[in-house]
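Index from 1, following the sequence. Start at 1 and go down the list; that is how both ligands and their atoms are numbered. Keep in mind that the numbers below use all heavy atoms, side chains included, and drop hydrogens, waters and symmetry copies.
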Amino acid sequence: MSKKIVLLGATGSIGVQTADIIREHKEEFTLVGFSAGKNMELTKQFLKEFMPEIVCVQSEDDAKALKVEFPAVSIVFGSQGLIETATYEADILVNAVIGSVGLEPTLEAIKQGRIIAIANKETLVTAGHLVMESAKRHGATILPVDSEHSALFQSLNGEKREQASRLILTASGGSFRDRTRAELQNVTVQDALNHPNWSMGSKITIDSATMVNKGLEVIEAHILFDFDYKDINVLMHRESIIHSMVEFHDTSVMAQLGTPDMRVPIQYALTYPERLPRPEAKRLNLAEIGKLHFQEMDYERFRALKLAFDAGKAGGTMTTVLNAANEQAVAMFLSEEIQFLQIEELIERAMDKHEVISTPDLETILHVDSETRKTVANMIK
Ligand code: NDP
Ligand code: MG
């Protein structure tokens, strides 16, 4: 029987690759609903191709225009529309929006006991405890899409949690891995958007260059797999072939390997616990690759990674501050209002100013999120 899929963030990098998988496996999956932001060209293309039942866009004007062209489809908009789409009857919700806008739709879908394939790491970083607690209470399943977390999930498969001693997340190092801090002073937006291994949306590409992405992933791993921060390590691995590893008490290490292609972890989340072939499968050829490299992380050089560990250990609202400050700072860097190194500087200043609230409810998180964005925007005025 075909699985019904709702896809949030369909017009983004993960969204388009999820659509590829649905297209490649027409018998297995039906796209019954999706959300987009502002990309109306792709929205219309997907509407014609997949003929979904519900579509959400960001603005009311775009929704009105779509309604004229697609009268049979339920067209909704804005944050309320995103919730309506996320909770639309389906087997799996794929959350591939960017940023903490994904939080409330995720929490509402959890209340319906859904299976949620989550790419939207900002939701887990900003309010992971609420997501996991609520998922437990409502019997919802959270499946990782992020390649490192899919690798950890696959490496932990069939093992008892208490047998595992350590998570080892690999990091490619992003577009600036071979530059010194001094060389980062005047890098441009274009330089930062040029990632060596992965083709991704612009926000996460900047996050990879600053190493904030790996920091968010450390927190994401803590939330998803319940390991202490002292038992989560990061290892530089420039080839992005080993996507992450789990060490067990007997010193065995399980790893998941593959060519860097997000369609593999996305597909695994859609088919779990089964696997489907990849039609254009790029098989891993280790003989051709020859060598894999590993290196200790330098926390002086990649200060943002240290900040993320600090935020995670502080707990409570500190990870909300880390995420919101980063989202605001990255937006300002992309619009050329600040320089590259100011991203981590603004995050650090926002964290220094913040007094942690230990077990925040949703209202507190939303408040801290919006206040942090304002604080960071004001820091450069
Ligand atoms: P993109 O920027 O490419 O896409 C984001 C999607 O969200 C688009 O569909 C966009 O719409 C939509 N969107 C943006 N802002 C809003 C908003 N305010 N309200 C509603 N919708 C909005 O992001 P990615 O696909 O790169 O990343 C998505 C998530 O997956 C992120 O959390 C990222 O960290 C994570 N991730 C991404 C990976 C990758 O390879 N790209 C790898 C691992 C994790 P539109 O474009 O139409 O405006
Ligand atoms: Mg990742």
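- Residues M236 and F302 have side chains in contact (heavy-atom distance under 4.5 Å, counting atoms from C-beta outward).
- Of the protein's non-hydrogen atoms, M200 CG, 3.2 Å is the one closest to atom 40 (O) of ligand 1.
- In terms of polar-atom proximity, defined here as any N/O pair under 3.5 Å, E122 does make such a contact with ligand 1.
- The contact set between ligand 1 and D146, taken as ligand atoms under 4.0 Å from a residue heavy atom, comprises 43 (C), 44 (C).
- For ligand 1, the atoms closer than 4.0 angstrom to any heavy atom of N120 are 32 (O).
- Ring geometry, F46 versus F34: the interplanar angle exceeds 60°, so the pair is classed perpendicular (tilted spans 30 to 60°).
- Nearest-heavy-atom check against atom 28 (C) of ligand 1 across P260, S100, A96 picks out A96.
- Below 3.5 Å of separation, one finds no N or O of N213 facing any N or O of ligand 1.
- Nearest protein heavy-atom neighbour of atom 29 (C) of ligand 1: V97 O, 3.4 Å.
- Ring geometry, Y229 versus F309: the interplanar angle exceeds 60°, so the pair is classed perpendicular (tilted spans 30 to 60°).
- The pair E300-R181 fails the salt-bridge criterion, with no side-chain N (NZ, NE, NH1 or NH2) lying under 4.0 Å from an Asp/Glu carboxylate O.
- Looking at ligand 1, you'll find an N or O of I14 within less than 3.5 Å of one of its N or O atoms.
- Under a 4.0 Å criterion applied to the non-hydrogen atoms of I204, ligand 1 contributes the atoms 26 (O), 33 (C), 34 (O), 36 (N), 37 (C), 38 (C), 41 (N), 42 (C), 43 (C), 44 (C).
- If you look at I98 next to ligand 1, the close heavy atoms, those under 4.0 Å, come from the backbone and the side chain alike.
- Using modelled atom types, one finds no donor on one side chain facing an acceptor on the other under 3.5 Å when comparing S35 with T85.
- Taking the charged nitrogens against the carboxylate oxygens, K4 and E89 have no contact shorter than 4.0 Å, which rules out a salt bridge.
- For G12, a nitrogen or oxygen atom sits less than 3.5 Å from a nitrogen or oxygen atom of ligand 1, counting backbone and side chain alike.
- Where the criterion is an N or O separation shorter than 3.5 Å, residue side chain and backbone included, G37 meets it with respect to ligand 1.
- The residue among E217, Q58, M262 with a heavy atom at the shortest distance from atom 17 (C) of ligand 1 is Q58.
- Checked by distance only, ligand 1 and S147 stay at 3.5 Å or farther apart across all their nitrogen or oxygen atoms.
- Ion pair D231/R166 not flagged as a salt bridge, since none of the NZ, NE, NH1 or NH2 atoms sits closer than 4.0 Å to an Asp/Glu carboxylate oxygen.
- An N or O contact shorter than 3.5 Å links K38 to ligand 1 by distance.
- Taking 4.0 Å as the cut-off, K203 does not count as a neighbour of ligand 1 on heavy-atom distance.
- Counting heavy atoms from C-beta outward, K214 and E148 have side chains that approach closer than 4.5 Å.
- Considering both main-chain and side-chain atoms, G201 comes within under 3.5 Å of ligand 1 through a nitrogen or oxygen pair.
- In terms of protein heavy-atom proximity, atom 34 (O) of ligand 1 is closest to K121 CE, 3.3 Å.
- A side-chain N or O of Y88 and one of E53 form a donor-acceptor pair less than 3.5 Å apart.
- A salt bridge is defined here as a Lys NZ or Arg NE, NH1 or NH2 lying under 4.0 Å from an Asp or Glu carboxylate O, and K3 with E28 fails to meet this definition.
- For ligand 1, the atoms closer than 4.0 angstrom to any heavy atom of V101 are 18 (N).
- Under 4.0 Å is where a charged nitrogen must lie from a carboxylate oxygen, and between K136 and E133 no such pair does.
- A centroid separation of 6.0 Å or more is found between the aromatic rings of F227 and H222.
- An N or O contact shorter than 3.5 Å links S13 to ligand 1 by distance.
- Checked for salt-bridge contact, D20 and R278 miss the test: no charged N lies under 4.0 Å from a carboxylate O.
- As for D146, its N/O/S atom nearest the Mg ion (ligand 2) is the one called OD1.
- The shortest N or O to N or O distance between G9 and ligand 1 is below 3.5 Å.
- Between K306 and E348, no side-chain nitrogen of the basic residue sits less than 4.0 Å from a carboxylate oxygen of the acidic one, so the salt-bridge criterion is not met.
- Considering only non-hydrogen protein atoms, atom 47 (O) of ligand 1 sits nearest to T11 OG1, 2.6 Å.
- Although no hydrogens or angles enter the test, the distance criterion places a donor-acceptor pair under 3.5 Å between the side chain of D191 and the main chain of T188.
- Nearest to atom 30 (O) of ligand 1 among the protein's heavy atoms is A119 O, 3.3 Å.
- The OE2 atom of E217 and the OE1 atom of E148 subtend an angle of 100° at the Mg ion (ligand 2), given to the nearest 10 degrees.
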